[in-house]
K.L.:
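Got a structure for you, written out below as structure tokens; questions coming shortly.
Here is how names work: the chains are called A, B, and so on, in the same order as the sequence lines, proteins then strands, and each is numbered from 1.
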Protein chains: 4
Amino acid sequence: MSKRKDILKATLDLIHEEGLQSVTFSKIFKKANVGSGTVFNYFSSKEELVNEVYREARIHMGEALLEGYDSSLGLYERFKQLQMNRLKFGMQSPKEYLFIDSYSYSPYISPELRHMEDHSLEVFNSVLAEGQKQGLIRPIDPRLCYQIINGVISSILKGYFVQKYPLDEQQIQQTLEASWKAISL
Amino acid sequence: MSKRKDILKATLDLIHEEGLQSVTFSKIFKKANVGSGTVFNYFSSKEELVNEVYREARIHMGEALLEGYDSSLGLYERFKQLQMNRLKFGMQSPKEYLFIDSYSYSPYISPELRHMEDHSLEVFNSVLAEGQKQGLIRPIDPRLCYQIINGVISSILKGYFVQKYPLDEQQIQQTLEASWKAISL
Amino acid sequence: MSKRKDILKATLDLIHEEGLQSVTFSKIFKKANVGSGTVFNYFSSKEELVNEVYREARIHMGEALLEGYDSSLGLYERFKQLQMNRLKFGMQSPKEYLFIDSYSYSPYISPELRHMEDHSLEVFNSVLAEGQKQGLIRPIDPRLCYQIINGVISSILKGYFVQKYPLDEQQIQQTLEASWKAISL
Amino acid sequence: MSKRKDILKATLDLIHEEGLQSVTFSKIFKKANVGSGTVFNYFSSKEELVNEVYREARIHMGEALLEGYDSSLGLYERFKQLQMNRLKFGMQSPKEYLFIDSYSYSPYISPELRHMEDHSLEVFNSVLAEGQKQGLIRPIDPRLCYQIINGVISSILKGYFVQKYPLDEQQIQQTLEASWKAISL
DNA sequence: CATGAATGAGAATTCATTCAT
DNA sequence: AATGAATGAATTCTCATTCAT
């Protein structure tokens, strides 16, 4: 693995373990096993490094959300696939998921990055729009709609992360169903 | 206003504006208009100060959530009241709401505080339990259930905060309804 | 003596002893006997500190140049007084003199400072102008004229500083005379 | 041009533009368009590199000062030739001239280099000595004498470099004359 | 209580230098 | 020779905290 990747990984790990406010370069050097100067060959400052971690996490999540997505399936199937993908991504990549969830609205992340191109978002919106046209989904502002279903997954995952409860197959199904019921007619 | 309150307010404002990781005492002194030594007459360290901000925000929110709550009302009425209170609190006190939402799981906040007594939580749980007994709410793990309805409000508020959309009366109603549909039978 | 003065003095001493390129904050702290943070309460960066050293040296020299200057004296007397003052200042304050001489044209010193108000310069120019009007001084561009007489003193002092020769009364007189002859008719 | 020359040139340029204290290898690499390792094939350290720049500048100046010097000419002619050469060298090679002028007494330049063989100095001294013997030049300590005439040129050049004034033929003549009058009887 | 100058541990960053290719 | 990624010692600078007034 390249030094660059070592550094990005160590940074994400540290953010997850101790919170962004206590991540220092010194901790990053040690965790990534690189010399102190090395980081600065790749990232000109801590802010840039953290933003790059964010960018890569967003790309990773964007891909995961669309995995196995089949536009020829029925609307509800597609909805469930997308939601399931999000839930699974959160369960499998808790560090990335939490980092994105926590810092998407932080001033530390540059606005350009926050609004980076995101194909999965377009797919989500097209599903919601189609559902509303078909009369399956309630006629709510699509952005509101998106926040609702996203919020259900996000909140469930956070409870899971702090071990409030396990997330077995049944509870996963209940969660997906809840997010569907929340917006469907 | 007392110096103590000046300091707490300045701290919350700064956390909101720049994120906890960029809040320094020096910034707090200036914003609160107090001498640098003054803070230490009230708070023994930065961690204690931030935790106190958290504690007061939690107390404030706890009261707001139960405002006008009437246990003699019907179950759905009570549910709506609680959810409306949460949404309204978020809209009226965005700094406190966001701070609580963002840092409740941060290592910077002491575990005791995180689990501080919270009457509103008990009330929520009793409503959910009663709803499940009455067959109005689906038989899901109550903690899951709580996360779901909480997650809807939280997510809607975050979109509102970044001005994705306004929150007028109609959209508020849609949000509350969505949170109810998500868990009701 | 105030900490601020301690720092300025230590900085000037170090520049004189080792040259600007090897002056570090760490050396300044030790020499000035102050904590490392203290410097930054007074000067926001090394550049600012060095510029302040320059500014104070210029003020000091400006005062010294005009010491005992009497506008009612004859022209040659006044010329000699000014030149003597410069020579004496250099001999008595070699660190300040050399620093000004070496860095007045350095990019490290801000242009505003380089062109700071300087009453002594005006006095010099008025003496030169008057001398030219009276036909005592050759009609050369006054700025050229100023550089010539200044250059004689400066160069003599540098030789003196590296102990090429002593500067006793006779040599001082010869120097002053040389600078006069250089521009007089 | 060889890499070695590229490096020496880039170094001199940087010293001129930003001052020795701000010259870093990284800047040299970029300006000279060589890889970072390349410098160390030619110079074992930064100090050695800078000293080599100094040495070459001194050699260059030494040659320029004696250009067209004809020992069979009259004394004043020879004096003027030498002074003119110095002035012309400064005007044509401001970077080298200023570097020599500024750093000849810096601890960064090795003492051996500072006192390197310099035929032009001997020539100067012989002219001054002869002038004194002939009663054309005042009987001043020859080192003082040398500093005086050198100082006039140096100072005039510095004013010219910061564009205080142009140096056209008339002003050049005035400068040479001034340096002669300063020491002549 | 209120203040702010002083502090020094430690964090961010620079930069000369090495070394494998 | 030429390169440039990697290094870590040295440097600049920050910031929570103390303490005398």
K.L.:
Verify the contact: side-chain N or O of B/Y42 to OP1 or OP2 of E/dA2, cut-off strictly under 4.0 Å; return yes or no.
P.N.:
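Indeed, a polar side-chain atom of B/Y42 lies that close.
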K.L.:
Considering all heavy atoms of both residues, which atom of D/E48 and which atom of D/Y42 are nearest to each other, and what is their separation?
P.N.:
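Nearest heavy atoms, D/E48 then D/Y42: OE2-O, 4.0 Å.
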K.L.:
In whole Å, what is the span from the CD1 atom of B/I7 to the C1' atom of E/dA2?
P.N.:
10 Å
K.L.:
Just N and O in the side chain of C/K27: are any of them under 4.0 Å from OP1 or OP2 of F/dT11?
P.N.:
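No, no such contact exists.
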K.L.:
Tell me whether A/R58 contacts the main-chain N or O of A/E117 through its side chain, where contact means a donor paired with an acceptor under 3.5 Å.
P.N.:
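Not a single qualifying donor-acceptor pair exists.
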K.L.:
Measure the shortest side-chain to side-chain distance between C/L157 and C/F161 over non-hydrogen atoms and say whether it is less than 4.5 angstrom.
P.N.:
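C/L157 reaches C/F161 side chain to side chain.
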K.L.:
Of D/G35 and C/T38, whose closest DNA chain F nucleotide lies nearer the 5' terminus?
P.N.:
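The residue mapped nearer the 5' terminus is D/G35.
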K.L.:
Determine which bases of DNA chain E form Watson-Crick or G-U wobble pairs with both distances under 3.5 Å, and write the result as a 5' to 3' dot-bracket string with | for other-strand partners.
P.N.:
.||||||||||||||||||||
K.L.:
Can you tell me the distance, in whole Å, between the CZ atom of B/R4 and the P atom of E/dA2?
P.N.:
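So the CZ-P distance, B/R4 to E/dA2, works out to 12 Å.
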K.L.:
Can you tell me the distance, in whole Å, between the CZ atom of A/F43 and the P atom of F/dA5?
P.N.:
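Going from CZ in A/F43 over to P in F/dA5 covers 14 Å.
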K.L.:
Please state how far atom CG in B/N41 lies from atom C1' in F/dA16, giving the value in whole angstrom units.
P.N.:
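Nearest whole value for this atom pair: 15 Å.
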K.L.:
Any non-hydrogen side-chain atom of A/R4 less than 4.5 Å from a side-chain atom of A/E52?
P.N.:
yes
K.L.:
Where along nucleotides 16-21 of chain E does protein come under 4.0 Å, by heavy atom, of base (B) or sugar-phosphate alone (S), with - for untouched nucleotides?
P.N.:
SBB---
K.L.:
Give the rounded distance in Å between these two atoms: CG of B/D6 and P of E/dC1.
P.N.:
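So the CG-P distance, B/D6 to E/dC1, works out to 15 Å.
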K.L.:
Is C/E18 paired with C/K31 through a side-chain N to carboxylate O contact shorter than 4.0 Å?
P.N.:
no
K.L.:
Under 30°, 30 to 60°, or over 60°: which ring-plane class applies to B/Y103 and B/F99, parallel, tilted or perpendicular?
P.N.:
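B/Y103 vs B/F99 ring planes: tilted.
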K.L.:
So that I can tick it off, tell me whether A/E17 and A/K27 are bridged by a salt bridge, with the cut-off set at under 4.0 angstrom between side-chain N and carboxylate O.
P.N.:
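No.
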K.L.:
Quick one: do D/R55 and D/M116 satisfy side chain to side chain contact (heavy atoms under 4.5 Å, CB included)? Show the steps, please.
P.N.:
CA-CA 8 Å; D/R55 210 176 63 82; D/M116 67 191 276; 4.0 Å; yes
K.L.:
To the nearest Å, how far apart are B/Q21 CD and F/dT14 C1'?
P.N.:
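Computing the B/Q21:CD to F/dT14:C1' distance gives 16 Å.
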K.L.:
Can you check whether C/Y108's main-chain N or O pairs, donor with acceptor, with C/N51's side chain at less than 3.5 Å?
P.N.:
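Checking the backbone N and O of C/Y108 against the side chain of C/N51, a donor-acceptor pair under 3.5 Å is found.
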K.L.:
Counting any heavy atom closer than 4.0 Å, what does A/V39 reach on the DNA or RNA strands: base, sugar-phosphate only, or nothing?
P.N.:
nothing
